[in-house]
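Every chain is numbered from 1 and lettered A, B, ... according to where its sequence line falls, protein lines coming before strand lines.
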Amino acid sequence: MLNTKRRKETDQVSSVIPVYQSLYSNKDHSSDPNWLRETRDAGMSAFAGQGFPSVRNEKWKYTNLASLSAGDFIAVEPENDAFKIGPKSAWAEARMVFVNGVYREELSDINALKGQVKVVRLHHSLSTMKDYFGFLVDTALPTVGLNSALMQDGYRVVVADKAKIDGILELVFANSGHKNAVFPRNSLKLGKGSELTLVERHVGQGSYFTNSVGEVDVQDGAKFHHYRLQDDDISAISLSHSFVRVGADALYDNFALSTGAKLARNEISCVIEGEGGHLNLLGAYLISDAADGKGQTCDTTTFIDHAVANTTSKEIYKGVLDGRGHGVFQGKILVREDAQKIEGNQLSRALMLSDKAEINTKPELEIYADDVICSHGATVGDLDEEGLFYLRSRGIPKTKARALLVKSFVGEVLEEIHNEAIREAFTEHASNWLVANAEG
Amino acid sequence: MAATVDTVERVESITADKYKYGFVTDIEMESAPIGLSEDIVRFISAKKEEPQWMLDWRLTAYRHWLTMEEPNWAKIGYEPIDYQQTYFFAAPKQKVAPKSLDEVDPELLRTYEKLGIPLKEQEMLAGVVGVAVDAVFDSVSVATTFRAKLEEAGVIFMPISEAIQKHPDLVKKYMGSVVPTTDNYFAALNCAVFTDGSFVYVPKGVHCPMELSTYFRINAQNTGQFERTLIIADDDAYVSYLEGCTAPMRDENQLHAAVVELVLHENAEIKYSTVQNWYPGDEEGKGGIYNFVTKRAKCAGANSKVSWTQVETGSAVTWKYPSCILQGDNSQGEFYSIAITNNMQQADTGTKMIHIGKNTRSRIISKGISAGKAQNTYRGLVKALPRASNARNFTQCDSLLIGDKCGAHTVPYIEISNSTARIEHEATTSKVSEDQLFYCRQRGIPEEEALALIVNGFCKEVLQELPMEFAVEAQKLVAISLEGSVG
């Protein structure tokens with residue numbers, strides 16, 4: 001019985017492989033330099049060897065990619081963009097827009113940052129990136145391998161040493177269409193002592209599949225504030241994997257707010273390689289029912305590698321689960337041998353607003369050095385009855401009181417956003433979600 | 001203060017005998033041929049004069065085991081076990097079953113004496129201490145005391161091999177009901193080849209008049225020890241069960257795969273305590289016991305309560321997750337654990353709390369201490385099913401690192417499908433603070449002793465859960481296990 005089920009699952013997973021293989025072989029890569037073709041080939045064979053990971057893969061234990069394994073997603077060249085892209089956000093100094101994975105110059109505006117920072121589409125610089133392309137990325141992972149094989153465009157941002165960029169760079173990834181698969185690839189390098197604030201917005205319309213991979217190199221003394229708003233269509237599948245390297249006395253400050261997608265996974269793998277390096281991995285997710293009536297799945301998977309001594313990390317994720325929402329948090333902290341004087345703190349909290357919601361949490365500490373202070377905390381619960389009673393005793397109606405409590409629950413982590421304008425924008429986005437969902 | 005004095009004495013004595021239970025008793029063995037096959041399973045069953053149904057059960061388990069793969073997800077590494085180079089049955093030669101301690105092989109009695117459990121003395125002190133010992137030497141129970149007193153209360157306490165003969169209905173009904181033959185690789189192996197263990201049945205409304213205890217001992221070379229323990233607490237019953245073990249010093253690794261099943265009916269309570277100090281191998285990691293244990297309790301009835309307390313200081317490899325299935329409404333599960341690893345020891349241990357019924361509660365307190373080059377992992381699961389309204393869990397797992405070559409890892413899984421469940425999980429990892437050590441040393445306490453003091457303090461929450469008889473021994477063990485880890 002069990003064996004039959006497993007066999008069926010395996011068949012499903014393997015049936016999708018030829019679909020992507022033929023997609024890959026039908027593409028013309030003749031203009032790619034040799035090293036790039038080799039990278040693509042390696043990625044394709046990594047994917048072909050495994051297919052999409054199944055729930056028996058420990059790293060994907062709680063997030064089921066069976067709907068992808070059905071194999072009906074096809075990477076197509078974008079033909080139209082039915083989805084409307086509004087003007088640049090008020091807080092943004094410059095922006096790049098990618099529609100269905102391809103850069104759109106007429107929608108973008110990068111002039112304001114010209115001269116301060118190199119902002120280009122990856123498509124143009126790919127062939128010249130031999131020495132620093134993919135050096136942080138683990139192409140052996142099937143989803144990452146697939147991206148390496150089929151990537152076509154994305155952003156490449158290079159900040160020169162000591163350049164402090166005040167203006168915020170906005171990146172919009174808009175997708176549309178049905179069963180459309182896109183593979184954005186982004187690359188970012190912050191030179192020594194530089195600083196940058198960047199916001200990614202992921203929006204769309206339709207049941208597309210986006211599988212993006214990013215590479216972030218924060219060199220010694222640099223500060224990078226990386227914000228991500230994932231507001232994909234609730235029938236879409238949105239996978240993202242960022243690989244981050246943090247140098248000495250450098251800061252990587254990440255905040256991810258997720259409300260969209262039928263199935264979303266935001267995976268961040270970081271290695272702190274220089275003493276004095278610090279990491280902030282923060283975020284909130286608010287999810288409910290997906291377009292098909294089943295629950296949205298939002299998976300946050302992080303890996304922090306304290307490779308050297310005197311490094312610190314802070315991690316806070318908060319989730320609000322309504323309807324059939326399914327939250328997943330997997331956070332691993334590794335402290336290597338001889339990496340002394342480490343401080344690593346992690347907190348994951350989930351608020352369950354519905355009986356149909358589900359949360360799976362797996363915080364993990366792997367520690368090989370003794371002079372460390374590491375902790376993790378995880379809580380799961382519904383709204384605090386006493387808090388609710390307090391508010392109601394002051395004449396606040398029940399729905400309003402609930403809304404206030406939920407708002408303050410999420411507000412706690414939103415307050416950690418360093419940039420004021422972004423903090424406001426993200427808070428507004430979260431409030432809108434609460435009005436539309438939890439208060440209904 | 002008593003604890004401090006104890007620790008001081010202990011530290012003084014350990015220089016003399018590092019592992020005082022490391023000796024070998026020379027007794028003629030009646031062993032099965034080496035290796036594992038259906039014939040061996042039949043041999044064991046025949047040796048035990050078991051009924052056909054028991055043999056069939058074993059064979060089912062064995063055939064299933066053949067289709068399984070040895071699990072490799074735990075954070076432990078060991079030389080592959082060659083099941084064809086392991087003896088699965090060894091019994092001390094005895095012509096007639098002993099009726100009293102006088103009939104027991106004096107060699108055996110001396111062994112126990114060295115272990116610190118003189119049966120005669122215990123029998124004499126029966127009225128005072130009230131501890132019954134069902135002592136297991138290798139695979140066969142050789143002496144059972146206080147049975148009469150227990151029988152008076154209606155409590156059945158006997159070797160499981162005897163229970164199979166005398167209470168087949170109870171055994172048939174409950175054995176495998178918590179850990180089925182197909183459960184996991186090591187449990188399936190145990191089902192096929194278990195040789196003995198304890199059986200306890202506490203009838204309705206009976207509060208077991210004494211703490212039940214069993215000392216297991218692995219003796220014969222290359223003998224896998226496969227105990228099977230089954231404890232049933234009927235409605236409103238209570239029993240406290242103690243398990244303690246030591247093993248002689250050996251160079252070759254010894255395999256141990258036990259299964260413990262606890263069944264709790266309405267309002268029943270079982271308290272299960274373990275002190276495990278088997279031979280951990282030498283400083284280079286040579287020798288030592290491989291300990292793969294499946295322990296599980298099923299709170300079948302409403303308002304039942306189970307509590308696992310363990311002090312794990314021995315074994316080269318420990319793979320053990322005492323679990324609670326909280327099926328009855330309002331049932332409670334508790335897990336208190338101290339796991340100490342030193343030198344080359346590896347431990348991957350924790351618990352599973354499965355909340356199925358309404359208003360179920362669980363509490364997990366785990367203290368892991370890692371020293372030398374040891375690896376210590378807490379791995380636990382808290383799961384609340386959709387029907388488990390108002391489930392509550394509190395988990396605290398703290399790890400202490402002593403030295404910069406060891407590792408401490410925490411892998412908790414939290415899976416919640418009910419919005420009224422409330423789950424709290426805390427975990428910390430740190431080293432013994434310099435301040436604490438300095439404070440002690442400043443007051444003239446030697447470093448090693450200071451460490452034992454601090455570690456005992458770190459473990460206090462768990463130590464106080466142990467029955468008195470064990471608490472003292474456990475405190476000494478904490479100190480002895482950490483010997484040599486500072487300076």
Discussion item. Just by distance, no angles: are the side chains of B:S419 and A:D355 close enough, under 3.5 Å, to form a donor-acceptor pair?
Written reply: yes

Item to complete: Mind checking the NE2-OG1 spacing from A:H376 to B:T410? Nearest 0.5 Å is all I need.
Response: 5.5 Å

Worksheet item: If you measure from CG on A:L321 to CD1 on B:I416, what distance do you get to the nearest 0.5 Å?
Response: 11.5 Å

Worksheet item: Between A:A369, A:P363, A:G381, which shows the greatest number of heavy-atom pairs under 4.5 Å with chain B?
Response: A:P363

Worksheet item: When rounded to the nearest 0.5 angstrom, what is the spacing between OG1 in B:T420 and CD in A:E385?
Response: 10.0 Å

Discussion item. I'd like to know which of B:N393, B:D398, B:D404 tops the heavy-atom pair count under 4.5 Å against chain A.
Written reply: B:D404

Worksheet entry | Greatest number of heavy atom pairs closer than 4.5 Å to chain A - which of B:N418, B:V432, B:T429 | B:T429

Worksheet entry | Contact check, side chains of B:R422 and A:D382, non-hydrogen atoms, under 4.5 Å | yes

Discussion item. Assess the residue pair A:I359 and B:I414 against the criterion (side chain to side chain contact (heavy atoms under 4.5 Å, CB included)); give the C-alpha distance rounded to whole Å, side-chain angles, the decisive distance to 0.1 Å, and a yes or no.
Written reply: CA-CA 8 Å; A:I359 172 83; B:I414 304 164; over 6 Å; no

Worksheet item: Under a 4.5 Å heavy-atom cut-off, does chain A meet the side chain of B:K383, its backbone, both or neither?
Response: neither

Practice prompt. Quick one: closest heavy-atom pair of A:V372 and B:L401, and the distance?
Written response: CG2-CD1, 4.1 Å

Discussion item. Could you report the tightest heavy-atom contact between A:M352 and B:S417, atom names first, then the distance?
Written reply: CE-C, 4.3 Å

Worksheet item: Among A:K61, A:K356, A:K332, which has the most heavy-atom pairs under 4.5 Å with chain B?
Response: A:K61

Item to complete: Examine distances only and state if a side-chain atom of B:H409 and a backbone atom of A:I367 form a donor-acceptor pair shorter than 3.5 Å.
Response: yes

Fill in: Side chain proximity check, A:T379 to B:I423, heavy atoms < 4.5 angstrom
no

Worksheet item: Between A:Y62 and B:E415, is any side-chain donor less than 3.5 angstrom from a side-chain acceptor?
Response: yes

Practice prompt. Report the option among B:S370, B:S389, B:P386, B:G407 that has the most heavy-atom pairs separated by less than 4.5 Å from atoms of chain A.
Written response: B:G407

Worksheet item: Is chain B contacted by the side chain of A:Q330, its backbone, both, or neither, given a heavy-atom distance below 4.5 Å?
Response: neither

Discussion item. For A:E366, which atoms come within 4.5 Å of any heavy atom of chain B: side chain, backbone, both, or neither?
Written reply: both

Fill in: Region of B:P412 that comes under 4.5 Å of a non-hydrogen atom in chain A
both

Discussion item. Please find the pair of heavy atoms, one from A:D370 and one from B:K431, that lie closest to each other, and give the distance.
Written reply: O-CB, 3.0 Å

